[in-house]
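Since the structure comes first, as structure tokens, the remarks are kept for the end.
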Amino acid sequence: MLLHAVSALLELGVVERLKEGPRDLRELALGSGAHEERLLAVLRPVAAAGLVHESAPGTFELTPAGRHLRRDDPLGLRDLFRMCTHGDFFQAWTRLARSVESGRTAFELQTGSDLFLYLAERPEEAELFHRAMNASAPADVLLEAADLSGARVVADLGGGEGATIAAVLRACPASTGVLFDLPDVVAGAGPLLRREQVADRCDVVAGDFFDGVPDGADVYVMARVLQNWPPEEAVRILRNVRAAMSGTSRLLVVGHLSESTRPSPFVEAIGLSMFVLYGAVSRTSEQYEALFAEAGLALSRTHRVRDGESVMDVRRA
């Protein structure tokens with residue numbers, strides 16, 4: 001119920017109208033073309049959930065949690081939320097029990113296809129997915145935790161349409177970049193890289209990291225990518241990365257780390273979403289270390305940032 005209520009407020013533009021401060025119900029209804037009483041029926045449950053606050057009778061404002069749903073919020077939760085409540089992305093959750101029983105992903109059970117084949121055949125859903133990935137790209141986390149100032153070449157593996165590598169190159173004007181992802185994905189990278197004014201410093205390479213990755217980079221980045229794959233596939237990817245790394249290369253793995261003793265509701269929710277889409281289970285730092293070791297790599301340091309996110313600095317063993 002709450003998911004659909006929030007989705008309705010996003011679709012009606014109510015969240016964007018609230019980002020500048022409190023607004024009364026009449027103003028919100030006029031701006032969204034909605035009937036006051038019917039809009040109130042949607043606002044009240046969202047207020048009860050703590051995403052908006054009724055600061056005075058009939059007057060609403062966003063709470064700190066609700067502000068993450070704004071279009072300009074750096075966490076990019078608005079587009080992620082819209083994706084997760086859309087069509088097959090949402091319906092896949094109804095297959096969760098069967099997924100646990102069968103070993104197949106809930107998304108595959110819903111659609112008959114893995115996520116990336118599905119997106120390759122459906123441009124509208126692919127646009128929604130990539131917009132969510134671009135909006136929530138963890139570039140701030142990466143730049144906060146890792147010093148990239150001396151990196152000559154930074155390669156973003158599984159980098160989507162380039163939101164993360166673009167932010168890195170803007171922050172590191174002496175560096176050049178490599179954006180690496182599937183052909184259907186990087187085909188849409190040009191407009192973003194040009195908009196961010198880094199297209200002349202970023203090579204776009206199409207490929208599959210199960211087959212191999214570009215060599216010659218000082219820093220390899222996998223931002224919220226490795227957490228999407230089950231152990232066998234993750235080790236296969238890591239071995240290909242190791243083969244491309246030089247003796248001085250670094251691999252920076254950005255992702256959410258589970259804590260078995262102090263589980264975070266946010267991290268576990270993100271992990272469950274990845275389980276529905278990809279079939280991967282959230283991992284602890286110790287579980288990642290085991291994967292690295294199996295691939296001939298070693299964890300040098302873990303930089304913990306916020307909301308359970310981390311940057312793992314990995315070297316050749």
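None of these values were measured; they are calculated from a predicted model.
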S310 vs V254 side-chain heavy atoms within contact, under 4.5 Å: no
Taken in chain and number order and not counting sequence neighbours, the residues that satisfy side chain to side chain donor-acceptor pair (under 3.5 Å) with R17 are none
Could you walk me through whether L238 and L251 pass side-chain contact (heavy atoms from CB on, under 4.5 Å), step by step? CA-CA 9 Å; L238 288 169; L251 167 63; 3.7 Å; yes
Can you give me every donor-acceptor pair (side chain of residues 30-50, partner residue at least two apart or in another chain, under 3.5 Å) with its distance?
{"from": "S32", "atom 1": "OG", "to": "L28", "atom 2": "O", "distance (Å)": "2.9"}
{"from": "S32", "atom 1": "OG", "to": "A29", "atom 2": "O", "distance (Å)": "3.4"}
{"from": "H35", "atom 1": "ND1", "to": "E37", "atom 2": "N", "distance (Å)": "3.1"}
{"from": "R44", "atom 1": "NE", "to": "E54", "atom 2": "OE1", "distance (Å)": "3.0"}
{"from": "R44", "atom 1": "NH2", "to": "E54", "atom 2": "OE2", "distance (Å)": "3.2"}

So, taking the atom named CD in E232 and the one named CD1 in I237, what distance separates them when rounded to the nearest 0.5 Å? 11.0 Å
Residues in side-chain contact (heavy atoms from CB on, under 4.5 Å) with T248, at least two apart? S246
Using modelled atom types and a 3.5 Å cut-off, is there a donor and acceptor pairing between side-chain atoms of Y220 and backbone atoms of V213? no
Partners passing side chain to side chain donor-acceptor pair (under 3.5 Å) against Y118 (at least two apart in sequence or in another chain): D88
Side chain to side chain donor-acceptor pair (under 3.5 Å) partners for R23, two or more places apart: E27
Side-chain contact test, heavy atoms from C-beta onward, threshold under 4.5 Å: evaluate it for K19 versus R67 and give yes or no. no
Tell me, do E144 and H303 make a side-chain contact under 4.5 Å, heavy atoms counted? no
Minimum heavy-atom distance A151-S175, with the two atoms named: O-OG, 2.5 Å
Applying side-chain contact (heavy atoms from CB on, under 4.5 Å), run through V154 and I165 and close with a yes or a no. CA-CA 8 Å; V154 180; I165 192 64; 3.9 Å; yes
Sequence neighbours left out, what pairs pass side chain to side chain donor-acceptor pair (under 3.5 Å) with at least one residue falling in residues 201-219? none
If we only count heavy atoms from C-beta on, is the F275 to S282 side-chain gap below 4.5 Å? no
State, with a plain yes or no, whether a side-chain heavy atom of F60 is found less than 4.5 Å away from one of H53. no
Shortest non-hydrogen contact from A106 to S99? N-OG, 3.4 Å
So, does T59 use its side chain to make a donor-acceptor pair with the main chain of P22 at under 3.5 Å? no
Within the structure provided, determine whether P231 and Q287 are in side-chain contact (heavy-atom separation under 4.5 Å). no
Listing request: all salt bridge (Lys or Arg N to Asp or Glu O under 4.0 Å) pairs with a residue in residues 107-122, at least two apart in sequence or in separate chains. R104-E108
Please test V219 against S249 for side-chain contact (heavy atoms from CB on, under 4.5 Å), starting from the C-alpha separation and ending with a verdict. CA-CA 6 Å; V219 176; S249 295; over 6 Å; no
Do F210 and V205 belong together in a cluster built from hydrophobic side chains that touch within less than 4.5 Å? yes
List, one per line, each side-chain donor-acceptor pair under 3.5 Å for residues 290-302, sequence neighbours excluded.
none

Set of residues satisfying side-chain contact (heavy atoms from CB on, under 4.5 Å) with respect to N240, sequence neighbours excluded: none
May I have the list of side-chain donor-acceptor pairs in residues 176-197 shorter than 3.5 Å, sequence neighbours left out?
{"from": "T176", "atom 1": "OG1", "to": "R152", "atom 2": "O", "distance (Å)": "3.3"}
{"from": "D181", "atom 1": "OD2", "to": "G159", "atom 2": "N", "distance (Å)": "3.4"}
{"from": "D181", "atom 1": "OD2", "to": "G160", "atom 2": "N", "distance (Å)": "2.8"}

CZ (R315) and CZ (R242) are apart, to the nearest 0.5 Å, by 14.0 Å
For the pair F129 and L115, evaluate side-chain contact (heavy atoms from CB on, under 4.5 Å) and give the outcome as yes or no after the intermediate values. CA-CA 10 Å; F129 177 83; L115 176 63; 3.9 Å; yes
With clusters defined by side-chain heavy atoms of hydrophobic residues (ILVMFWY) lying less than 4.5 Å apart, directly or transitively, does F90 cluster with L109? no
With side chain to side chain contact (heavy atoms under 4.5 Å, CB included) as the test, pick out the partner of M222 among D156, N228, L157. L157
Sorted by chain and residue number, the side chain to side chain donor-acceptor pair (under 3.5 Å) partners of E286 (sequence neighbours excluded) come out as T284
Side chains of L148 and V221, heavy atoms from C-beta outward: is any pair under 4.5 Å? no
Any side-chain heavy atom of W93 within less than 4.5 Å of one from Q110? no
Which pair of non-hydrogen atoms, one from G66 and one from L62, has the smallest distance, and what is that distance? O-CD2, 4.0 Å
Would a line drawn from the ring center of F107 to the ring center of Y278 be shorter than 6.0 Å? no
Over all heavy atoms of both residues, which pair between L143 and A167 is shortest? Give the atoms and the distance, please. CD1-O, 4.0 Å
How are the rings of F209 and W229 set relative to one another: parallel (under 30°), tilted (30 to 60°) or perpendicular (over 60°)? perpendicular
Return the set of residues passing salt bridge (charged side-chain N to carboxylate O under 4.0 Å, His left out) with R250 (not counting sequence neighbours), or none when no residue passes. D313
